[in-house]
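Each remark here refers to the structure printed beneath this line.
Each chain gets a letter, A, B and so on, in the order its sequence line appears, and its residues count up from 1. Heavy atoms only: backbone and side chains are in, while hydrogens, waters and symmetry mates are out.
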4 protein chains.
Amino acid sequence: MGPDASRRSDRARRAILSATRDLVAEVGYTRLTIEGIASAAGVGKQTIYRWWHSKAAVLFDAILEVNSQEEGRVALPDTGDLESDLRLVLRGTVATLIEPANDRLQRAVTAEIQTDTVVAEELVRRLLRPQLDACAERIKIGIRAGQVDGSVDAGLAVELLFGPIFHRWLLRTGELDQTFADGVLDMVLKGLRPR
Amino acid sequence: MGPDASRRSDRARRAILSATRDLVAEVGYTRLTIEGIASAAGVGKQTIYRWWHSKAAVLFDAILEVNSQEEGRVALPDTGDLESDLRLVLRGTVATLIEPANDRLQRAVTAEIQTDTVVAEELVRRLLRPQLDACAERIKIGIRAGQVDGSVDAGLAVELLFGPIFHRWLLRTGELDQTFADGVLDMVLKGLRPR
Amino acid sequence: MGPDASRRSDRARRAILSATRDLVAEVGYTRLTIEGIASAAGVGKQTIYRWWHSKAAVLFDAILEVNSQEEGRVALPDTGDLESDLRLVLRGTVATLIEPANDRLQRAVTAEIQTDTVVAEELVRRLLRPQLDACAERIKIGIRAGQVDGSVDAGLAVELLFGPIFHRWLLRTGELDQTFADGVLDMVLKGLRPR
Amino acid sequence: MGPDASRRSDRARRAILSATRDLVAEVGYTRLTIEGIASAAGVGKQTIYRWWHSKAAVLFDAILEVNSQEEGRVALPDTGDLESDLRLVLRGTVATLIEPANDRLQRAVTAEIQTDTVVAEELVRRLLRPQLDACAERIKIGIRAGQVDGSVDAGLAVELLFGPIFHRWLLRTGELDQTFADGVLDMVLKGLRPR
DNA sequence: AGTTAATCGAGACGGTACGTCAAGTCTTTAC
DNA sequence: GTAAAGACTTGACGTACCGTCTCGATTAACT
């Protein structure tokens, strides 16, 4: 049998995730080691291996614990003005990505999912998908309100909004800032308007 | 002093880059090791360390050697029909990304540039930027030909085209295929049309 | 903290020392490597580095484990006849030195203590000193028995006995055999006799 | 063919031997490297490999160049007083051994000849043998002068004199000083006197 | 409340790869 | 042809972590 979760030490769990966050911010993902986490958390290595199957899995939980508010129901504000609602979301996304502590954590996970498709699947399911879906939902409301052309595929539109932002951030093709987010939004909205 | 490049063994250089490509495709970037490259290439480790400062740098040169045709002048076809010209490029990009051997190589580099900004800068300068710029150039021609609205920022438009594609591919938010590329193109072009 | 000796694997310890003895006899000290010992003993390199600080220290323990009977109480035979007692010891020393397996081991340590004074100190304290002292003790008995002149410094006399033997063996100034040992003994005894 | 000695650069030869002496004194034999010698001497490595077959051979020549006065005819003083003549020699030997610069050089060679019997043979032939023989010659004179018993084997007597001194020095069984040399001489002479 | 069994901190173990150093060989250019 | 220079392959160094394993010492659930 696997480990018995009911006996799990919550003290150890929290110390591990917290140490992981601190260490990634400090030394980066590449130099993050299981031994380093264990010793920083005052924990035996086996305790980590018992509950997580990889360094990436630990890191991912460490991120989730922080972003937990975004789990479950994610909903966009609906002020009636689609443009300003989307602008708020895009600017929030940019702000999160460029905030230094988050930047490192997020990049680490992104690098890892290039290799580890299990973690990738979980990342999409628990963090990205809800966000994208919520955004698509808001656009559909816009369609019903006549602010967006009826022929528009809301899911695709959302990817047009987030894609360029992540592209800049991940591939470092230019500086990522609010101006860029606004530019993307304006151009995409042009394509969405009813004709 | 650093090493004397004029005495560099071309035989060794090529064997290293070739072995690197083979090994990444075979075992992936994470399990790619300098020792593995050296032994597969029939080369001393020191010869690798003499000319490259990291595993990523070797890999990057390994990719460049293959994509070298894309270096220098990159120009898009200009059939007069902007839409079909761009469609060709986007479909080509998608085809390259999903081709298995390339997929691994490209993901490895992308993972690496999350950490190594030196390699990131070089990747952008030598591979991505030329491609993006060439594409922007083609759009500017479209503007002059009246196919695209004069107020459009060509550089931004290009990122709207490539961003969503890389987003899907890197974050694995959905399947990346030609249909998706076509969808992106259609929606973006709607926003570019003169009004 | 240093390693915790109570957790030390005796299996590994013995395998290392045994492999070391085999390898020195086989390839000699110069070509003896930590990696070679580790792999012959089926042990990780770190396990060697954890418990010994140098190749010489391992070798030295490997010798001690074999010569352990000589540790602690070393006493010479006392048949009442000083000459024949000493002859026995000197011949034994010569026999040990020229026995091929021992020869290599012993030369290796001797070479090493030219450089490593820590090992030198330990070698003297645990192997040579007890032997020399035991021999001096026997000579003192000879003094009390009136077989040796009362003015003789027993410690010095012992060095006159062993010195020439080791000199021949280490500097290879001539062939070392029992005849030589007998010659040394005879001449030294002449100087020891009461007048 | 081997190298042509007539074309040999004396400048290089001297620089190599001098650098070798400096380096042994500085870092010891173990950390003495061919590369280090080459670079300190401003010489290509190949120049060393061309003319010497091992590190020990270089070192040995480096020593010989300095001790060259002892080569060829070595003769002891003959004041008519055997005891004081021998005392002079023994004290000189001790003085040489304990002089720091010499100590390192000499120990290095001694360590090396435990392994390299070719160098050992040359060391004995060119340095030790002449010294020992000269000393034996002086003792034979003592025999003819009636100061030493006619039955004495002069060669053996010499080894009784030098053996204990080298024994102390090489095995570090005690402090080597002039007092010890005197003690050895006195005790040996007792055994040599005619009865 | 006492027993029992899993988890805990700790850290040794057999390994793999690291990045460095030096060995001895080979090639190039200058004298 | 020898010399200086230095790149080359090879192999060992000593270190850092890997993931597994064993050791008491808790600790939490079940008699």
Of all the nucleotides listed (dC13(E), dA23(E), dA7(F)), which has the minimum atom distance to the side chain of W51(C)? dC13(E)
What contact category does G42(C) fall into here, base, sugar-phosphate, or nothing, at under 4.0 angstrom with non-hydrogen atoms? sugar-phosphate
Proximity to the side chain of V43(B) - top-ranked nucleotide from dT9(F), dG14(F), dA22(E): dT9(F)
With distance as the sole test, does Q114(A) use its side chain to make a donor-acceptor pair with the main-chain N or O of L170(B) at under 3.5 Å? yes
Of all the nucleotides listed (dC18(E), dC13(E), dA3(F)), which has the minimum atom distance to the side chain of R8(C)? dC13(E)
What's the closest nucleotide to the side chain of I34(D) if the choices are dG24(E), dT9(F), dG14(F)? dG24(E)
Among dG9(E), dA12(E), dT20(E), find the nucleotide with the atom closest to the side chain of Q46(B). dT20(E)
Check: S39(D) main-chain N/O paired with K45(D) side-chain donor or acceptor under 3.5 Å: no
Rounded to whole angstrom units, what separation is found between the OH atom of Y49(C) and the C1' atom of dA12(E)? 18 Å
May I ask you to verify whether the side chain of K45(A) and the base of dG11(E) hold a donor-acceptor pair under 3.5 Å? no
With respect to the side chain of R50(C), which nucleotide from dA12(E), dA28(F), dA12(F) is positioned closest? dA12(E)
When you measure from the side chain of P3(A), which nucleotide among dA16(F), dT7(E), dC8(F) comes out closest? dT7(E)
Between the base of dT7(E) and the side chain of R7(A), is there a donor and acceptor pair under 3.5 angstrom? no
Does R13(D) make a cation-pi contact with W51(D), if we ask for NZ or CZ under 6.0 Å from the ring centre and within 45° of the axis? no
Where the side chain of R21(D) meets the backbone of L59(D), is there a donor-acceptor pair that is under 3.5 Å apart? no
